[in-house]
Amino acid sequence: MVNKHGPSPKTRKVRVAIVGSPDLEFYGGTQVTVIHLSGLLQRSGYDVTVLGSGTFFERAGVKLEEGVRYLKDSFHFDPLSWRAVQSVTRGVSEPLIGLLSPRRSYRKMNGFDIYYFTAPKFLFYVFSKYNKDRKGVILANHGTYMEFLSSRKNFVFRSLVKFFDSVFLKYANGEGVIIQTQNYWQRDHYIERGIDERKIQVIPLCIVDFSKYNVRKNETFSVLFLNRLSNEKGAHLIPKIANICSEIDFVVVGDGPLKGAITGAGTGNVRVTGFIPEKEKIDEIEKCDVMMNLSDFESLSTSSVEGLASGLLVLSRERTSGLEFISGNVPGSVRFSDGSIENICVALREIKREKERDPAKFFEAKKERMERGASVFDLNVLDKKMLELFSLAEERVDEENGDENKR
């Protein structure tokens with residue numbers, strides 16, 4: 001139970017399982033969220049176990065809060081979790097883990113009080129099918145198939161959305177299930193499929209502590225790209241944009257398969273830092289005025305929220321569900337292009353002229369974006385909402401068990 005002073009003390013620790021994320025060494029947005037959430041829950045009196053789902057690409061080591069149990073590659077007995085299979089499918093097999101070993105996968109997950117599934121995947125289906133006790137289940141939506149498949153405009157992908165909905169969401173409307181969505185588009189996706197709106201809470205969980213960032217009045221005009229350097233994130237467009245906008249400086253922060261191609265493109269106005277420590281990354285963000293988001297799909301875009309923390313204006317290639325959510329909650333924070341390289345360049349030059357015409361007004365707009373963004377996306381705001389969400393799930397377990405002494 002959470003009150004205004006934080007979570008109430010418990011005489012017996014409530015056991016929480018966080019299920020469905022690829023192994024934390026992958027260290028993408030979902031993994032950063034899981035690492036933080038597991039620590040938050042552990043400090044708040046819960047007994048936390050993270051069940052990793054394997055990975056084909058390890059990027060970083062993992063440091064977890066003391067006391068958090070981490071079971072790497074928990075479903076190693078399922079062929080769909082094997083590194084070789086995930087490598088060949090580039091991770092596409094991971095959401096289907098449990099398909100070939102449903103009962104054994106269920107036994108691996110069984111025995112906890114509250115379950116936090118990071119996204120609707122086959123493991124959620126398996127658990128819901130075999131679980132006979134009503135439990136506190138939170139179905140989150142970090143990096144779902146919904147945005148990815150819906151961004152592809154053809155019959156095959158639309159059919160896949162319907163197929164995955166019929167499987168992964170079959171038990172989403174079940175008693176005891178609370179749904180946490182990252183944005184309004186995800187919420188509406190559930191509602192359109194008959195899910196009770198009262199079961200859904202929109203909590204855009206992203207790990208950005210606004211107090212660590214500053215809004216700088218930069219003398220120069222620089223554009224930031226902060227994301228994984230891959231095609232789906234639009235990194236292949238960076239050299240083309242930089243060539244057209246040769247009068248603008250670009251900073252690329254991140255790593256991935258396209259790092260070598262971007263570095264070797266010979267574009268003199270592009271500086272590639274690679275993967276850098278958090279303090280250095282924040283410094284790079286603060287030195288820029290605009291963040292380019294070139295992704296095909298985003299359920300939220302933590303990188304864009306990081307830009308907001310320093311007042312950066314986000315220039316979007318596509319109208320993704322995440323950026324629409326950010327734009328709706330922080331008016332004037334996102335400018336949407338028509339998706340073409342030419343239009344992106346036109347927009348960048350216009351923003352540069354705005355700064356040159358009235359630097360003071362431009363700086364004030366940066367501060368306003370940061371302040372409004374903090375009221376919605378700051379980590380402290382979201383932590384409180386997440387603890388309230390878990391308190392609600394705990395109450396439902398208590399009601400079912402008839403245990404009034406748990407809290």
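By convention here, the first residue in the shown sequence is residue 1.
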Open item on the list: Angle between ring planes, Tyr116 versus His142, binned at 30° and 60°: parallel, tilted or perpendicular?
Closed with: tilted
Open item on the list: Would the distance check show the side chain of Asp23 and the main-chain N or O of Asp73 forming a donor-acceptor pair, the cut-off being under 3.5 Å?
Closed with: yes
Open item on the list: If the threshold is 4.0 Å, N to carboxylate O, is there a salt bridge linking Lys352 and Glu247?
Closed with: no
Task: Student check: side-chain heavy atoms of Asn231 and Leu258 closer than 4.5 Å - done: yes
TODO: Side-chain contact test, heavy atoms from C-beta onward, threshold under 4.5 Å: evaluate it for Phe225 versus Val270 and give yes or no.
DONE: no
- [ ] Look at the side chain of Asn269 and the backbone N and O of Cys245, then say whether any donor-acceptor pair between them is shorter than 3.5 Å.
- [x] yes
Task: Under 3.5 Å side-chain donor-acceptor pair for Asp249 and Thr220 - done: no
TODO: Find the distance between CE (Met291) and OG (Ser304) and round it off to the nearest 0.5 Å.
DONE: 6.0 Å
Open item on the list: With side chain to side chain contact (heavy atoms under 4.5 Å, CB included) as the test, pick out the partner of Val305 among Ile207, Asp378, Ile326, Val330.
Closed with: Ile326
Task: Salt bridge present between Glu350 and Arg335 (N-O < 4.0 angstrom) - done: no
Task: Gap separating the CD1 atom of Ile238 from the CG atom of Asn243, nearest 0.5 angstrom - done: 12.0 Å
Task: Test item: side-chain donor near acceptor, Glu394 and Tyr46, under 3.5 Å - done: yes
TODO: Take atom CZ of Phe163 as the centre, draw a 6.0 Å sphere, and report whether it contains more than 12 heavy atoms from other residues, nucleotides or ligands.
DONE: no
Task: Distance in Å, Leu387 CG paired with Leu392 CG, rounded so as to fall on 0.5 Å steps - done: 12.5 Å
TODO: Using modelled atom types only, decide if a donor and an acceptor are shared between the side chain of Ser310 and the backbone of Gly307 within a distance under 3.5 Å.
DONE: no
Open item on the list: Would you call the rings of Phe168 and Phe122 parallel, tilted or perpendicular, taking 30° and 60° as the class edges?
Closed with: perpendicular
Open item on the list: What I want to find out is whether Lys233 reaches Glu298 closely enough, with some N-O distance under 4.0 Å, to be called a salt bridge.
Closed with: yes
Open item on the list: We want to know whether Gln86 and Ser93 form a side-chain donor-acceptor pair, criterion being a heavy-atom distance below 3.5 angstrom.
Closed with: no
TODO: Output yes when a side-chain donor or acceptor of Thr320 lies under 3.5 Å from a complementary backbone atom of Leu323, and no otherwise.
DONE: yes
- [ ] Please determine, by modelled atom types, if Ser230 and Glu232 share a side-chain donor-acceptor pair under 3.5 angstrom.
- [x] yes
Open item on the list: Can a side-chain donor-acceptor contact be found between Glu147 and Gln186 if the only test is distance below 3.5 angstrom?
Closed with: yes
Open item on the list: I'd like to know whether CZ of Arg357 has more than 12 heavy-atom contacts from other residues, nucleotides or ligands below 6.0 angstrom.
Closed with: yes
TODO: To the nearest 0.5 angstrom, please state how far the OG1 atom of Thr49 sits from the CG atom of Leu41.
DONE: 11.5 Å
Task: Contact check, side chains of Phe250 and Ile241, non-hydrogen atoms, under 4.5 Å - done: yes
Task: side chain to side chain contact (heavy atoms under 4.5 Å, CB included) partner of Leu24, chosen from Val32, Val50, Thr30 - done: Val50
Open item on the list: Taking the basic N atoms (NZ, or NE/NH1/NH2) and the acidic carboxylate oxygens, is any pair closer than 4.0 Å for Arg317 and Asp296?
Closed with: yes
Task: Backbone N/O of Leu80 and side chain of Asp78: donor-acceptor pair under 3.5 Å - done: yes
Open item on the list: Hydrogens and angles aside, do Glu197 and Tyr190 bring a side-chain donor and acceptor to less than 3.5 Å of each other?
Closed with: no
Open item on the list: Check whether Asp47 reaches the backbone of Lys13 with its side chain - one donor and one acceptor, N or O, closer than 3.5 Å.
Closed with: no
Open item on the list: Has Ser150 got a side-chain atom pairing as donor or acceptor with Met146's backbone, closer than 3.5 angstrom?
Closed with: yes
- [ ] Please tell me if the side chains of Leu123 and Phe127 come closer than 4.5 Å, counting only heavy atoms from C-beta onward.
- [x] no
Task: Residues Glu278, Lys281: salt bridge by 4.0 Å N-O rule - done: yes
Open item on the list: Please check: side-chain N/O of Asp113 versus main-chain N/O of Arg15, any donor-acceptor pairing under 3.5 Å?
Closed with: yes
Task: Check: Leu312 and Cys288 side chains under 4.5 Å, non-hydrogen atoms - done: yes
- [ ] Measure the shortest side-chain to side-chain distance between Glu364 and Lys367 over non-hydrogen atoms and say whether it is less than 4.5 angstrom.
- [x] yes
Open item on the list: Please verify the inter-ring angle class for Tyr145 with His189; under 30° counts as parallel, over 60° as perpendicular, anything in between as tilted.
Closed with: perpendicular
TODO: Take the angle between the ring planes of Phe26 and Phe56 and call it parallel below 30°, perpendicular above 60°, tilted in between.
DONE: tilted
Open item on the list: Could you check whether Lys279 pairs with Asp283 (Lys NZ or Arg NE/NH1/NH2 to Asp/Glu carboxylate O, under 4.0 Å)?
Closed with: no
- [ ] Take atom CD of Glu66 as the centre, draw a 6.0 Å sphere, and report whether it contains more than 12 heavy atoms from other residues, nucleotides or ligands.
- [x] no
TODO: Evaluate the side-chain proximity of Tyr125 to Lys170: yes if any heavy-atom separation is below 4.5 Å, no if none is.
DONE: yes
Task: Test: Arg319 cationic atom under 6.0 Å from Phe336 six-membered ring centre, within 45° of axis - done: yes
Open item on the list: Between Ser301 (side chain only) and Gly322 (backbone N and O only), is there a donor and an acceptor less than 3.5 Å apart?
Closed with: no
Task: Phe124 side chain reached by Met109 side chain, heavy atoms, under 4.5 Å - done: no
Open item on the list: Does atom NZ (Lys385) have a neighbourhood of more than 12 heavy atoms from anything else shown, all under 6.0 Å?
Closed with: no
Open item on the list: Under a 4.0 Å threshold between the charged nitrogen and the carboxylate oxygen, would Glu286 count as salt-bridged to Lys212?
Closed with: no
Task: Polar side chain donor-acceptor pair, Ser303 to Glu306, under 3.5 angstrom - done: no
TODO: Indicate yes or no for a side-chain donor-acceptor contact from Asp209 to the backbone of Asn380 under 3.5 Å, with no hydrogens or angles considered.
DONE: no
Open item on the list: Students often mix this up, so state it plainly: with edges at 30° and 60°, are the rings of Phe117 and Tyr115 parallel, tilted or perpendicular?
Closed with: parallel
Task: Side chains of Asn131 and Tyr171, donor plus acceptor under 3.5 Å - done: no
Task: Spatial distance of atom CZ (Arg228) from atom CZ (Phe57) [nearest 0.5 Å] - done: 5.0 Å
TODO: Mark yes when over 12 heavy atoms from residues, nucleotides or ligands other than Lys287 sit less than 6.0 Å from its NZ; otherwise mark no.
DONE: yes
Under 3.5 Å donor-acceptor pairs involving side-chain atoms of residues 340-348, not counting sequence neighbours:
unit_1: Ser340; atom_1: OG; unit_2: Asp338; atom_2: OD1; d: 2.7
unit_1: Ser340; atom_1: OG; unit_2: Asn343; atom_2: N; d: 3.1
unit_1: Asn343; atom_1: OD1; unit_2: Asp338; atom_2: N; d: 3.1

